[in-house]
Student: 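Take this structure, written in structure tokens, and hold onto it; I'll ask about it next.
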Amino acid sequence: MSPTTKNPRNQYLRTDRMPHIWCPGCGLGTTINCFITAVEECGLPLDLISVVSGIGCTGRIAGYLKLDSFHTTHGRPIPFATGLKLANPKLKVVVFSGDGDLCAIGGNHFIHAARRNMDLTIICVNNFTYGMTGGQVTPTTPMEAVSSTTPYGNIEEPFNLPFLADCSGAVYVARWTTFHVRQAAKAMREAIQKNGFSFVEIISPCPTLYGRRNKLGDGLKMMQAFKDNSVVCNDADTRSVALDFRGKIACGKFVDREKTSFLDMYNTKMAERFGPFYEPYEGVK
Amino acid sequence: MAEAKKPKSPKGTVAINVELCKGCGFCIAFCPSGVLEFSDKFNSKGYHPPHAANPEKCVGCGLCGMYCPDFAIFGTRNKEVA
């Protein structure tokens with residue numbers, strides 16, 4: 001009970017930066033807890049895990065994790081992570097970013113990395129808004145939802161992120177909310193262990209800018225809404241898992257398939273072409 | 001009349017770092033055993049941190065630590081349960 005007792009998660013966190021900047025009731029810290037659990041369960045040496053983030057509230061995650069972490073420019077965590085992976089193929093590269101960063105500004109990078117099947121793990125924390133810049137509309141804001149740039153309700157059809165990842169060629173697609181901590185941790189572990197482009201969407205509450213404008217209550221009330229409204233449908237068709245405003249949230253593991261990753265494909269092709277002269281690059285010795 | 005039942009020792013312990021807490025209430029709402037409650041005290045930022053109102057009920061599942069977005073609380077399972 002004494003405040004000096006050390007949290008076992010502190011070895012993965014830059015505790016000198018705590019308390020963090022996120023609002024009370026934000027789900028990002030919960031997502032970090034899930035990720036730390038996934039990393040612990042993987043049993044990989046921490047030197048071999050690297051986290052890349054973009055800009056935004058979620059982009060701050062790289063700054064709080066005591067791993068090799070990079071805070072890159074807006075929308076470009078996937079090109080950065082691709083370079084990191086190709087320069088050192090032994091690394092497990094995790095891209096941890098928000099919906100606006102990955103699917104609006106970095107939308108093209110996202111679909112092309114999925115098409116190439118780059119061996120990356122993408123964790124997209126979807127809070128339906130741009131939290132850091134004042135609650136503007138994003139490509140994932142549901143229809144009718146109010147944001148600072150759509151004061152009378154959003155009229156644009158939102159992205160269905162699992163379907164986008166699935167049809168672009170991702171090998172692992174899952175969606176969970178911040179209420180499903182154990183399942184999210186398991187999905188992240190499976191995504192890290194999977195060889196190829198794996199995508200995990202985490203639905204997270206943004207009480208300050210999304211919940212307040214849409215009268216969804218504080219963080220706790222939004223979490224309870226996730227608990228009441230989520231439906232687990234593993235292996236569902238990703239076309240059917242689009243999100244509605246205040247509607248049901250389809251959760252689960254939707255896609256898990258085997259495909260040759262970019263690096264394996266490249267090495268096979270070059271070995272075919274150059275035979276014994278080709279030596280696959282194994283990273284810095 | 002047999003002697004009164006010995007009180008069971010709790011299976012888990014919960015530790016709270018009150019200064020990191022932002023009072024979101026996730027741990028209180030999602031603790032499966034109902035161990036935690038908001039305390040009347042304030043921390044230095046003016047939030048009400050939780051306190052273990054029923055520590056004997058703790059089973060050491062660690063869910064409070066999984067939910068806490070501020071890394072302020074964690075539960076551990078006690079090694080030996082008599």
Side-chain angles (χ1 to χ4, degrees), chain A residues 1-15 17-38 40 57 61 64-65 125 177-186 204-208 211 217-227, chain B residues 9-39 41-79:
Chain A
M1 286 296 283
S2 73
T4 50
T5 324
K6 273 187 77 179
N7 191 331
R9 288 184 179 85
N10 280 3
Q11 55 174 311
Y12 299 94
L13 297 169
R14 295 179 203 265
T15 43
R17 295 186 175 208
M18 298 291 162
H20 53 59
I21 61 152
W22 298 316
C23 311
C26 177
L28 286 169
T30 312
T31 319
I32 292 194
N33 285 331
C34 300
F35 180 68
I36 289 174
T37 313
E40 269 178 349
C57 288
I61 284 181
Y64 293 124
L65 280 171
V125 184
T177 72
T178 43
F179 170 72
H180 301 91
V181 278
R182 299 265 186 235
Q183 295 92 325
K186 185 176 170 231
S204 163
C206 178
T208 314
D218 58 355
L220 182 58
K221 218 170 160 194
M222 288 180 87
M223 284 281 267
Q224 258 148 359
F226 291 164
K227 181 184 177 184
Chain B
S9 60
K11 289 181 184 165
T13 320
V14 56
I16 304 162
N17 187 348
V18 288
E19 284 308 316
L20 282 178
C21 179
K22 288 182 188 164
C24 65
F26 287 1
C27 52
I28 298 167
F30 299 125
C31 173
S33 322
V35 173
L36 300 159
E37 264 175 30
F38 277 120
S39 71
K41 290 176 192 153
F42 294 98
N43 65 10
S44 59
K45 277 189 269 167
Y47 294 111
H48 287 287
H51 76 291
N54 310 305
E56 72 284 349
K57 282 191 191 167
C58 182
V59 293
C61 64
L63 264 183
C64 49
M66 279 293 272
Y67 278 111
C68 180
D70 297 280
F71 317 106
I73 187 169
F74 63 97
T76 42
R77 197 156 293 197
N78 291 346
K79 279 205 177 94

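Chain letters run A, B, ... following the sequence lines, proteins first, then strands; residues in each count from 1. Computed from heavy atoms alone, side chains included, the values below leave out hydrogens, waters and symmetry copies.
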Student: If I measure from the heavy atoms of chain A, does B/Ile28 come under 4.5 Å with its side chain, its backbone, both, or neither?
Tutor: neither
Student: If you define the side chain from C-beta out and look only at heavy atoms, does anything of A/Trp22 sit under 4.5 Å from B/Pro69?
Tutor: no
Student: Can you measure from CG (B/Asn17) to NZ (A/Lys6) and round to the nearest 0.5 angstrom?
Tutor: 12.0 Å
Student: Roughly how far, to the nearest 0.5 Å, is CG of B/Asp70 from CG of A/Asn7?
Tutor: 11.5 Å
Student: To the nearest 0.5 Å, tell me how far B/Phe30 CZ sits from A/Lys227 NZ.
Tutor: 6.0 Å
Student: Given the rule in the side chain to side chain contact (heavy atoms under 4.5 Å, CB included) test, do B/Phe71 and A/Ile32 qualify, once you have shown the distances and angles that lead to the verdict?
Tutor: CA-CA 9 Å; B/Phe71 317 106; A/Ile32 292 194; 3.8 Å; yes
Student: Do B/Lys45 and A/Pro19 have side-chain heavy atoms sitting under 4.5 Å apart?
Tutor: yes
Student: What part of A/Leu28 lies closer than 4.5 angstrom to a heavy atom of chain B: side chain, backbone, both or neither?
Tutor: neither
Student: Show the nearest heavy-atom pair for residues A/Gly25 and B/Phe26, with the distance to one decimal.
Tutor: O-CZ, 3.5 Å
Student: Please confirm whether the backbone N or O of A/Cys26 pairs with a side-chain atom of B/Lys22, one donor and one acceptor, at under 3.5 Å?
Tutor: no
Student: Atom CG of B/Leu63 and atom CZ of A/Arg182: how far apart are they, to the nearest 0.5 Å?
Tutor: 4.5 Å
Student: Do the side chain of A/Asn33 and the main chain of B/Gly65 share a donor and acceptor less than 3.5 angstrom apart?
Tutor: yes
Student: Do you know the tightest heavy-atom contact between A/Thr30 and B/Met66?
Tutor: CG2-O, 3.5 Å
Student: I'd like to verify something: which residue of A/Pro8, A/Cys34, A/Pro24 has the highest number of heavy-atom pairs under 4.5 Å with chain B?
Tutor: A/Pro24
Student: For A/Thr31, is it the side chain, the backbone, both, or neither that has a heavy atom closer than 4.5 Å to a heavy atom of chain B?
Tutor: neither
